Amino acid sequence: MIDLKDLRENPEAYRQAAMQKRIDVNIDRLLELESKHRAIEIERQQITAEKNQIGKQIGQMAGKLKKAPPTEQAALQEEMKKLQARPTELKAAEQKLEAEAGALWPQIEAILLRMPQPADPEVPVGKDDSENVELRKWGTVRQFDFQPKDHIALGTELGMLDVDRGVKLAGSRSWFLTGAGAMLHQAVLRLAMDLMIERSFVPMVVPVLVREGAMRGTGYFPLGREQSYEMSNEEPPVFLVGTAEVALTAYHMDEILDGKSLPRKYVAMSPCFRREAGTYGKDTAGLYRIHQFDKVEQVIICRNDVEESKRWHQEILGNAEAVLQKLNLPYRVVQVCTGDLGQGQAAKYDIETWMPSRGGYGETHSASRFYAFQARRLNLRYRDADGKTKICHTLNNTVIASPRILIPIMELCQNADGSITVPEALRGYMGGMERIGK
RNA sequence: GGAGAGGUGACAGAGUGGUUGAAUGUGCCGGUCUCGAAAACCGGUUGGCCCGCAAGGGUCACGGGAGUUCGAAUCUCCCCCUCUCCGCCA
């Protein structure tokens, strides 16, 4: 959520931000409705103030009445009756204005919840992911001296992957990992988890079924609601999260944290669920785009300071790179342009890992910084050294997401005989297994 | 799922219709004392929104919402959550 006051003062900045992010919001309408709402509120408050004041007088009189000698009670009661007439009148006016303001607010909120966080000035302007800017590359892309197989063929032949039965049981974009495939999956996740714990992130196990408030607070609702699975036989309904970011970021929702306790660094491994609505025909084969996967996610909650946010952004990016380097996977880091930023993101780096079967780099990580966008929606604040309460900043990044990351691992580590060499960093998590063969 | 109890400020915990945004304690901040610290003592300390350059003023909030009333933390209704007991169960 953006700051309404700031919007009022700099509407142009937000108009531009919405344009750059290609989000269609009616800012003029929002400003108009909001100013109307405020005018009504001001009037209503004045009426309420008068009403309350008289109410107080009546209260004081009631106190006197109790102690007064019987001879004076009749007069006091008479006076009280007179006083009671005015608040009754005021109440009618008050209720009318309340109703007007109440009717306006949902309209304001509907637009407000769609307002995008302006991109940071450093973010390159661009229309979509084709205009993202490559920042650096790491590792060397393997040149094969034989015809390499893709992960589907490898996985199926080696008994690691069973897409057919996955689809039979659960529909398209579903899968089974079997045997060494399941082991590899868990090994990668544990490697990532251990690395983050070593880097003093607090490990958590989190709910993946959450209320609407957590989804809205983290910015996944209302835009993007159609990407989530809804459990509508619960009242109120609950939703399957698409990432542990939701629970980790919303963990301190509605709290005022001690500024001294910041930053908070959290990491969690969780299943993630995505409907992938509107992606029919896109990345249909294999483990790239699927409805359910497991991910280790890192979240940082820090002070309201742009420079500090930027520093943590580099740190969480570095954490993810460290995992890929341990796995010896070639990747590149991309700065995402304005048109490819999500609603709440002020800046984002994607890490793309080389995937032979795609003949290019495929997104495996996404590091976002939100400034106060999520925290404002979550009512997530802290008390600073000066005693003032401020809205936190939040950031997050993938540490590892599997099975997608198995694509480069399997494809890059394959051998001419159809076997796969287990990356050294994972062997300890696989009972010392060095090679996956038939 | 059934029965009962309860949800109050950073935390603990009073408060059952009126001048209570809320006693008290803890914590936190400032001060006195001290070489310094602890203890003790004194003072301060809820948040949101609106008006205002500011000083200040107004309003809302005692789980959430609706209602009764001139007036609600206190009464009524609905919902959410927690705890205890019973049932079911990984």
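In what follows, chains are A, B, ... by sequence order, proteins preceding strands, each numbered from 1. What you see is a predicted model; the values in this text were computed from it and never measured. Excluded from the calculations below are hydrogen atoms, water molecules and symmetry mates; all remaining heavy atoms, backbone and side chain alike, are included.
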request  = Could you tell me whether A:K5 contacts a base, only the sugar-phosphate backbone, or nothing, with contacts defined as non-hydrogen atoms closer than 4.0 Å?
outcome  = sugar-phosphate
task = Nearest whole angstrom, please: distance from the P of B:G47 to the NZ of A:K390.
result = 13 Å
key: Between B:G17 and B:C78 - P atom distance, rounded Å   = 23 Å
task = Starting at atom CG of A:N52, determine the distance to atom P of B:C70, rounded to an integer number of angstrom.
result = 14 Å
request  = Verify whether one side chain among A:H151 and A:Y288 offers a donor that lies under 3.5 Å from an acceptor in the other.
outcome  = no
Side-chain H-bond candidate by donor/acceptor type, A:N397 with A:N319, under 3.5 Å = no
remark   = Rounded to whole Å, CD of A:E9 lies from P of B:C53 at a distance of 13 Å
ask   = Starting at CG of A:D384 and ending at P of B:G47, how long is that distance when rounded to a whole Å?
value = 13 Å
key: side chain to side chain donor-acceptor pair (under 3.5 Å) evaluation trace for A:D350 with A:S366   = CA-CA 4 Å; A:D350 279 355; A:S366 191; 2.9 Å; yes
query = Are side-chain N/O atoms of A:Y220 and A:Q227 paired as donor and acceptor at under 3.5 Å?
reply = no
query = Of A:T389, A:D258, A:N304, which is the lone residue that meets side chain to side chain contact (heavy atoms under 4.5 Å, CB included) with A:Y382?
reply = A:N304
key: Donor-acceptor contact present, side-chain A:T394 to main-chain A:A375, <3.5 Å   = no
query = Which nucleotide in the set B:C80, B:G47, B:U59 lies at the smallest distance from any side-chain heavy atom of A:P236?
reply = B:C80
request  = Looking at every strand, decide which applies to A:E41 at a 4.0 Å heavy-atom threshold: base, sugar-phosphate, or nothing.
outcome  = nothing
message = Measuring only the C1' atom in each nucleotide, how far is B:C62 from B:C75? A whole number of Å is fine.
response = 16 Å
query = Taking the side chain of A:I58 as its heavy atoms from C-beta onward, which of B:G18, B:G47, B:U59 lies nearest to it?
reply = B:G18
ask   = Under 4.0 angstrom, heavy atoms only, what part of the nucleic acid is A:R44 near: base, sugar-phosphate, or nothing?
value = sugar-phosphate
message = In whole Å, measure the gap between the C1' atoms of B:G36 and B:G27 for me.
response = 23 Å
note = With the side chain defined as heavy atoms from C-beta on, A:R383 is closest, among B:G47, B:G71, B:C29, to B:G47
query = Got A:L257 and A:R383 here, is their nearest side-chain heavy-atom distance under 4.5 Å?
reply = no
ask   = Across the strands shown, which category fits A:R376 at heavy-atom distances under 4.0 angstrom: base, sugar-phosphate, nothing?
value = nothing
note = From the candidates B:C50, B:G47, B:U59, the one with an atom nearest any side-chain atom of A:T48 is B:U59
request  = Please map the stems of RNA chain B, keeping only stretches of three or more Watson-Crick or G-U wobble pairs with both distances under 3.5 angstrom.
outcome  = B:1-7 with B:80-86, B:10-12 with B:24-26, B:27-32 with B:40-45, B:46-51 with B:56-61, B:63-67 with B:75-79
query = Tell me: CD of A:Q60 to P of B:C70, nearest whole Å?
reply = 19 Å
ask   = Counting side-chain heavy atoms from CB outward, which of B:U59, B:A10, B:C50 is closest to A:A49?
value = B:U59
task = From the options B:C29, B:C70, B:C50, select the nucleotide whose nearest atom is closest to the side chain of A:I42.
result = B:C50
task = Please say whether the positively charged group of A:R199, taken as NZ for Lys or CZ for Arg, lies over the ring of A:F201, i.e. under 6.0 angstrom from the six-membered ring centre and within 45 degrees of the axis.
result = no
message = Hydrogens and angles aside, do A:T398 and A:K295 bring a side-chain donor and acceptor to less than 3.5 Å of each other?
response = no
query = Are any non-hydrogen side-chain atoms of A:L7 and A:E34 less than 4.5 angstrom apart?
reply = no
Whole-Å gap separating P (B:U69) and CD (A:E94) = 14 Å
message = Closest approach to the side chain of A:R211, judged atom by atom: which nucleotide of B:C60, B:C80, B:C29 is it?
response = B:C80
message = Both A:T389 and A:Q84 contact RNA chain B. Taking the nearest nucleotide for each, which residue is further toward the 5' end?
response = A:T389
query = Expressed as a whole number of Å, how far does the C1' atom of B:A22 sit from that of B:G9?
reply = 9 Å
message = With rounding to the closest Å, how many angstrom separate the C1' atoms on B:U8 and B:G31?
response = 31 Å
task = Can you figure out which of B:C81, B:C60, B:G47 approaches the side chain of A:R381 most closely?
result = B:G47
Closest nucleotide among B:C70, B:C29, B:C49 to the A:T88 side chain = B:C70
request  = Quote, to the nearest angstrom, the C1' distance that separates B:G4 from B:A23.
outcome  = 30 Å
request  = Please state the P separation for the pair B:C89 and B:C80 - nearest whole angstrom.
outcome  = 25 Å
message = Suppose you measure atom P in B:C29 against the same atom in B:A39; what distance do you get, rounded to whole Å?
response = 12 Å
inquiry  = Rounded to whole Å, please give me the gap between CD in A:E98 and P in B:G65.
reply    = 12 Å
message = Using a 4.0 Å heavy-atom cut-off, does A:K81 contact any base of the nucleic acid, only the sugar-phosphate backbone, or nothing at all?
response = nothing
ask   = Starting at NZ of A:K56 and ending at P of B:U19, how long is that distance when rounded to a whole Å?
value = 9 Å
